[in-house]
Protein chains: 4
Amino acid sequence: MRTPTSSTWERWTRWPLAAAALVFLVAYSLPILDPGMPGRWKALCATVVGVLWLVFIVDFVVRLVAADHRFRWAWRHAFDAAVLLLPALRPLQLVLLVKVLNRSASEGLRGRVGLYVGFGSGIVAYVAALAALQAERYAEGASITSFGDAMWWALTTMTTVGYGDTYPVTTGGRVVGALLMITGVALLGVVTATLASWLVERVTDADDAEDERRSAAEREELRAEIAALRAQVELLVERSTPRT
Amino acid sequence: MRTPTSSTWERWTRWPLAAAALVFLVAYSLPILDPGMPGRWKALCATVVGVLWLVFIVDFVVRLVAADHRFRWAWRHAFDAAVLLLPALRPLQLVLLVKVLNRSASEGLRGRVGLYVGFGSGIVAYVAALAALQAERYAEGASITSFGDAMWWALTTMTTVGYGDTYPVTTGGRVVGALLMITGVALLGVVTATLASWLVERVTDADDAEDERRSAAEREELRAEIAALRAQVELLVERSTPRT
Amino acid sequence: MRTPTSSTWERWTRWPLAAAALVFLVAYSLPILDPGMPGRWKALCATVVGVLWLVFIVDFVVRLVAADHRFRWAWRHAFDAAVLLLPALRPLQLVLLVKVLNRSASEGLRGRVGLYVGFGSGIVAYVAALAALQAERYAEGASITSFGDAMWWALTTMTTVGYGDTYPVTTGGRVVGALLMITGVALLGVVTATLASWLVERVTDADDAEDERRSAAEREELRAEIAALRAQVELLVERSTPRT
Amino acid sequence: MRTPTSSTWERWTRWPLAAAALVFLVAYSLPILDPGMPGRWKALCATVVGVLWLVFIVDFVVRLVAADHRFRWAWRHAFDAAVLLLPALRPLQLVLLVKVLNRSASEGLRGRVGLYVGFGSGIVAYVAALAALQAERYAEGASITSFGDAMWWALTTMTTVGYGDTYPVTTGGRVVGALLMITGVALLGVVTATLASWLVERVTDADDAEDERRSAAEREELRAEIAALRAQVELLVERSTPRT
């Protein structure tokens, strides 16, 4: 969770890159949402996706070169690299936006975890719905054939409800589903853990305040004891001082 | 979770508003539960719902105007405002009842969390069942066609069991389902977190009691040491006192 | 979780009652598991169930009369009373067995929670399977028609998996299902909470041991300081003692 | 979680046994994954499985004989014994690999828990998929008929999603399913507990650092008080020293 010291490059490119991630997602989504789109629009979207992808690669390389410990940096940013290189993960570029929002906010650890969970889950669900729709739409016996179905499926999967009215039948769809299920388990865990840590802190704080009050009283007593001792020694010193 | 200092207005309107919320829910539910109800009864229910809605709006405005920091107050009560303005959320007025019960009880943080979870889940399940029933009842291919089905569906969704024998097919029903799933994830989280914080506290308390005993013994020893020192200084003072 | 001081009555009846609970469950189960059982065997089972039920009621009344604070005792044992009075809950008598095992074991709070969860879940699943089987067996369109199906359904429900290959269709079966789902949510919560409290304790203990070592060193230093002070005062006392 | 002091035997056999577990799993899997495999290949796989099984038994016996407290050792390794003796559990030999990886790593308690969860879940899902496939493949009305289906089923079960598009219909398959569901509940619990303990520690550490700073200041004050006292007593001692 430690945010590395942002270099000048990162500070200047932060917001433009977030905007680029948003445009990327729109250009990526449109041809999937509307398969009947005219060909030249499709070409435009593909071009935008391609150009922005190059932009993200350039940004990654610049940051890698500028890093102090390049191997450690590369290891820490393995997720970013995977998103850049695997076509299926590309829409996750948008997580960039969450990162930027996150750095602008500063509400303590739990606030940041909450922000990640809220935005992150939404983006993951949307992207998974798109990917599953693309994989399933024309498959035989598919139950995910519209974006509404796909979003509904993503939600029932992520919350581990799993009615079974919509489910993937292709291998691609199932891989997306598997990632979504694992995300769902992690989501449940994060929500619970955040609540538990909040409750534990509240209860512990009350206990600690009680302890603190008691132990402050005891320290006060000890200090009074020593002060009395000192007063008497003071008296001794005074008496032993030869009078002039 | 901090309850703001209740103004005189809040103290006086608390119980009447809770009663109004209960009446509101009954008048809202009846026409949905019995679609074959005679027209004039339906009209009566609609009137009661309308009048009580106005009452809730007046209460909201009065409290907003009376608040010290109106913007902060409005932000904190955004949920209340949403419940007032969106017709679909109106039955959640009943959460008012939980709030009132909650303020009357005073059994520590976990007791209050338990009360919210218990009552709150029940009300949310009931209201979601009503809303889903209204959306689904006459839809083609619907599996939620009676109030019993709707309650069963709400429960299987909220606990994330999701058999798939009943599930919404309309967009309205799916939106209700989505909210219910998210509530279910939160519910699981709250139940677990409350139990975990209880267990952690029990175990930590035992440890702390052990520590406390040991450290009390050490403080006692220190105090005895200082008392002995003081007795000797006392002796010195006495000896240095010129005899008369 | 506080076990009340066991009276002589409780100590003497503990094991016989646990045995009675086991026999009760067997006599209750057999006619449901084998509906084609000859009539006189059914009559025998019904008699055993009836007699043991009277035994449990006598035990409850004796303990109630012997209690110091009868109202508080009744409130604390409301669950026992409900189990006694509602026919549907009767098989839960077997939880008695868990209670007895629990009191015989003494492995700290988490060990007891684990025992409750392990045995308790098993008994609840078995009893729910029996109850659902009785309600569903001859229902139209039922998918729970054998004890194997019923146990499988109870398990898929309790773990919130909910495939939907087996699900209750009668009101009675759905009520059993609802209780089982809520138990399942609680079960998940208890498992997680126990693990979390274990992990928190392990990690906290390591931290505390570190703190303890540092603060022990500091206390030692303070004690040495005071001892030195005392030695010097000792010297003063000696010097001020008039030589004889 | 305490790792017993490894004997020389354990240190030398660790990696060979892990390799044997891997070969065991491959030889066990192949005939299930490709039922149309030529007979002599099947015989080879069966031979490898048999020989390695003997190897594992020899290892178990050697370690049992070498143990200081044989009964306690046997009790602690009951899981290993069950895996050795029950044919259905044999593929779980691979958990050996996790144990070895685990001992090689040394990243604190949570890191080890994470490793167990990650690798362990993967192996359990794979082994359960194999076992269910073997049980279900030729059953009537089965929905798990290929390895892809089996893996998909294992995943939906373990994450408690449970769509119901694939589910076991044989008793053998349902037993595997039951074990997988219980593993899934435990998995959810472990993920959540690990996250919760991490969050609690982070938050508690910040609080403790604050307390530590305050209490260090107080101890410093006390020490200064005693130092001043000592200086004065020093003066008294000096004055009482007879000048020569």
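A note on names: the letters A, B, ... follow the listed sequences, proteins ahead of strands, and every chain is numbered from 1.
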Just so I understand: if I count every heavy-atom pair under 4.5 Å between each of A:Gly162, A:Ala178, A:Gly184, A:Ala186 and chain D, which residue has the most? A:Gly162
Once side-chain contact (heavy atoms from CB on, under 4.5 Å) is applied, do any residues pair with D:Thr192, and if so which ones, sequence neighbours excluded? A:Thr192, C:Thr192
Do A:Val237 and D:Arg239 come within less than 4.5 Å of each other through their side chains, counting heavy atoms only? yes
To the nearest 0.5 angstrom, please state how far the CG atom of D:Leu188 sits from the CG atom of A:Leu188. 6.0 Å
For the CD atom of A:Glu238 and the CD atom of D:Gln232, what is their distance to the nearest 0.5 Å? 10.5 Å
Indicate whether the side chain of D:Tyr163 and that of A:Thr156 have a donor and an acceptor atom separated by less than 3.5 Å. no
Contacts of D:Asp149 meeting salt bridge (charged side-chain N to carboxylate O under 4.0 Å, His left out) (sequence neighbours excluded), chain-then-number -> A:Arg174
Is it the side chain or the backbone of D:Leu155 that comes within 4.5 Å of chain A heavy atoms, both, or neither? both
Under 4.5 Å heavy-atom distance to chain D, tell me which part of A:Val161 shows up: side chain, backbone, both or neither. backbone
With a 4.5 angstrom heavy-atom cut-off, could you sort out which part of A:Thr159 is near chain D: side chain, backbone, both or neither? neither
